[in-house]
Each structure stands twice: as structure tokens, then as C-alpha cells.
Amino acid sequence: MSETGSKLDIQEYVPLAPFTTLAIGGPARFFARARNEDQVRAGLRFAERSGCPVFILGGGSNLVVSDLGFSGLVLKIELAGIDGLQNKNGELISAAAGEEWDSFVRQCTDHNLAGIECMSGIPGTVGATPVQNVGAYGQESGEVIHSVRVLDRTTLSLEDLTNSQCCFKYRTSLFNSAAKERYIIVRVCYLLRPGGKPSLQYQDLQRYFAGSAVAPSIQDARKAVLEIRRSKGMTLDDGDADCRSAGSFFKNPIVNPETADEAERKAQSAGTIASNATIPRFRTASGEDKLPAAWLIENAGFHKGYSVGRAAISTKHSLALVNRGGARAQEILELMQQIQDRVWTMFGIGLHPEPIFVGFNRE
Ligand code: EPU
């Protein structure tokens with residue numbers, strides 16, 4: 001249900017930690033929830049008048065907020081509404097940016113729509129998924145996004161961007177590269193496959209279904225992904241500190257094969273890995289090698305559960321940094337730095353963080 005009216009309730013000094021899955025971060029100087037496009041515009045006008053920066057908040061699942069908080073307006077996108085699910089033979093489904101992603105996936109799989117079932121269980125909102133081209137278990141959102149409705153921050157007008165205008169690549173898009181900060185995503189339209197078969201390319205999924213006599217349904221694939229994610233601490237299970245994370249903390253580095261060879265030789269000759277050991281590689285369509293950051297972290301000498309104060313590497317997956325309870329952003333940053341430094345020293349490979357950092361330059 002979409003609300004009408006442009007009146008925006010602006011609060012002051014609102015702690016941000018409860019709005020992030022890492023549960024870390026100081027207060028927002030100003031904070032408001034936008035439930036329709038006019039309220040988004042009202043927020044932008046308020047920030048302009050006040051001369052302060054704006055940060056657009058979705059589900060807070062990919063964020064590291066500074067201990068000092070954010071000195072501008074945090075605008076939480078709560079636009080709601082899903083269209084197209086009831087259409088007979090319809091395959092274009094659109095969802096407002098504030099819809100919870102996993103609830104949207106569940107509704108689509110319940111309607112037997114294929115294309116996003118492997119992205120079950122990802123925390124966050126619909127509006128965040130195009131930004132870093134969220135993907136998991138063999139699917140990427142950019143493969144099924146038909147178009148993205150955006151509000152241009154400078155003109156305050158709405159625009160529909162086609163899939164190709166969004167420039168989707170591994171964990172990148174127009175929205176976190178060339179046009180960073182220019183648009184606010186208000187709605188995403190997906191092209192799904194009614195009655196389509198689930199995508200089961202990822203090894204973990206093939207293992208899960210190995211030996212099963214009947215072909216898995218879309219719903220079976222969703223169930224499998226949820227179980228696999230849970231085993232890796234990549235779902236939000238209340239009370240489990242291993243799940244208090246921002247998902248994968250680093251991107252998997254994509255390098256040319258020569259760089260991967262060089263990293264291997266360096267690690268072998270220094271005795272970091274055995275002289276006959278190899279770095280796992282996944283060849284991309286463009287002929288580059290994607291290296292598992294989790295493997296590099298472990299083989300650089302970090303063990304699951306390694307900690308800096310209350311910040312730690314998850315005990316279930318080496319790519320997730322977790323808040324064991326009461327961690328400060330500074331501790332997460334220190335742990336991040338230690339990992340980057342040691343992986344660089346041991347392999348000559350740079351690890352780049354995946355989350356967005358908020359409030360670190362005291363904007
Ligand atoms: N590995 C380890 N230790 C671990 C976990 C993994 O060494 O604790 C190594 C293994 O060699 C394994 C490889 O890393 O084969 C890949 O592991 P996994 O299948 O768990 O995937 P990932 O590369 O670590 C990526 C995404 C996840 C997504 C999964 C499944 C990135 C940065 N992360 O993780 O996305 O769920 O694949 O598709 O691309 C996220 O972005 O927040 C996220 C959770």
C-alpha cells in the first residue's frame with residue numbers, strides 16, 4: 001500500500017546501530033522514513049536547506065557505520081508495494097525499493113516464478129540489490145532486472161533506466177560507480193520466468209540435490225539455499241553472533257591468470273602454502289580468474305573466530321566479519337586492515353571491502 005502526502009517526520013540524533021545487521025554505529029544527526037516518492041523529495045529539500053549530506057538507508061545489511069555516526073540526514077527508504085504477481089502469464093514483476101528482499105523472493109517462488117530463487121535469504125531491501133548487483137549461488141540480480149526506476153537527486157524527477165543502462169558487472173553497477181550518489185532507487189522491475197526450472201549450477205546446490213530422484217522445484221531450490229546459507233552464518237538468525245555481520249566483507253578478487261600464477265608462486269616459495277598447492281580459481285566469462293577471498297584469508301593464517309576486541313571472523317565462514325556483541329566500528333576496521341595487510345604480504349593480492357562505509361569522513 002502506498003501512502004500519499006509529502007510530510008516528512010524528521011527526528012534528531014537517532015542511533016543507527018539498530019538499523020544495521022552488524023549492529024554497529026553512532027547516531028544520525030537527522031533521520032526520517034520516506035514512504036513515498038514525495039517524501040524522498042521532501043528529505044532531499046530538507047537536506048539542501050540545512051546544508052547537510054544525505055545517506056540513503058535500505059535494510060542496513062551491507063553497511064559499516066562509524067562510531068561517531070552520520071552528521072547529515074539518514075533517509076530510510078520504506079516505499080512499499082509489489083505489482084504483477086497476480087497477472088496471468090505475467091512475468092514482469094515490480095517491487096518498491098523498501099520491500100524486504102527475501103519476502104519478495106518468497107512471494108515470487110510461491111508463484112512459481114524462476115530467476116531469483118538462488119538469492120533467497122539475503123538480508124536487505126529490494127532497492128539495494130541493483131546497487132552492488134547482489135548475487136548468490138549462481139544467480140545475479142542484474143541478470144533478471146528489466147529496469148530500475150530512479151529519482152534523480154539533482155532534478156528530483158523520476159526516470160526508468162533499462163538493464164543495459166545500469167551496467168551490471170560482478171558486485172558493481174552504474175549506481176556504485178559512474179553515477180554514484182546521483183540516483184535514489186525507488187522501484188525495480190524484474191523479468192522472471194513463470195514455471196521455469198530452478199538454476200542449480202552452483203556446486204553447493206548440486207551437492208545438496210545429488211541423488212535426488214525427482215527434479216527439484218523452485219520452492220525446493222529456495223529451501224536448499226536457505227539451509228546452505230544458514231550453515232554458513234549468512235542468514236539473520238536472532239541470538240547467533242555469527243550472523244551479526246554485513247555478509248561477505250570482501251569481494252572475491254578478479255585478476256588476470258598471470259597475477260594468479262604469480263600469487264601462487266609467491267605463496268609457494270615463502271612456504272605460505274605447500275609447494276604443490278594451488279589457489280582455487282573460477283574462470284570468468286571474460287577470461288579472468290575469480291579467487292575466493294575466504295580461501296586467501298584462511299591461507300594467509302587467519303582462523304575462523306580470530307578476533308580483534310569484540311570484532312571477529314565468523315566461526316562459520318571466513319569472509320564474514322562479525323560483531324560478537326558491543327563491537328565498535330573501529331575494531332571492525334582494525335580487523336579489516338590486518339586481513340588486507342596479511343593477504344597482500346602473503347599473496348600480493350589486494351582485498352577490497354564490499355560494504356559501504358558511512359560517516360568516516362565526518363561528512
Ligand atoms: N572458502 C573458504 N573458507 C570458508 C568459506 C569458503 O576457504 O570459510 C573458500 C572455498 O574454497 C570455497 C570458496 O571459498 O569453495 C567459495 O565459498 P562460498 O561458496 O561460500 O562463496 P564465497 O565466494 O565466499 C560468494 C558471495 C556470497 C554468496 C556466495 C554464494 C562474494 C563476495 N560473496 O561468497 O555473497 O552468498 O558466493 O554464491 O561474492 C555477499 O555478497 O554478502 C554474499 C554473502
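One-based numbering, in listed order, for ligands and for the atoms of each.
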Looking at [X] and [Y], would you say the former's side chain and the latter's main chain have a donor-acceptor pair under 3.5 Å?
| X | Y | answer |
| --- | --- | --- |
| Glu331 | Arg328 | yes |
| Asn323 | Leu22 | yes |
| Glu264 | Ile279 | yes |

Lys NZ or Arg CZ of Arg342 over Phe302 ring: under 6.0 Å, within 45°: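 Ring-cation test returns yes.
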Shared hydrophobic cluster, Val40 / Leu156 (ILVMFWY, side-chain heavy atoms < 4.5 Å):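 Per the 4.5 Å side-chain linkage, Val40 and Leu156 are co-clustered.
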Within 6.0 angstrom of Gln203 CD, more than 12 heavy atoms from elsewhere: no
Set of residues that line ligand 1, where lining means a heavy atom lies under 4.0 Å from it: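 If the criterion is a heavy atom under 4.0 Å, then ligand 1 touches Gly135, Ala136, Tyr137, Tyr170, Arg171, Tyr202, Asp204, Arg229, Lys232, Met234, Gly247, Ser248, Phe250, Lys251, Asn252, Pro292, Ala294, Trp295, Glu298, Lys304, His317, Ser318, Leu319, Glu354.
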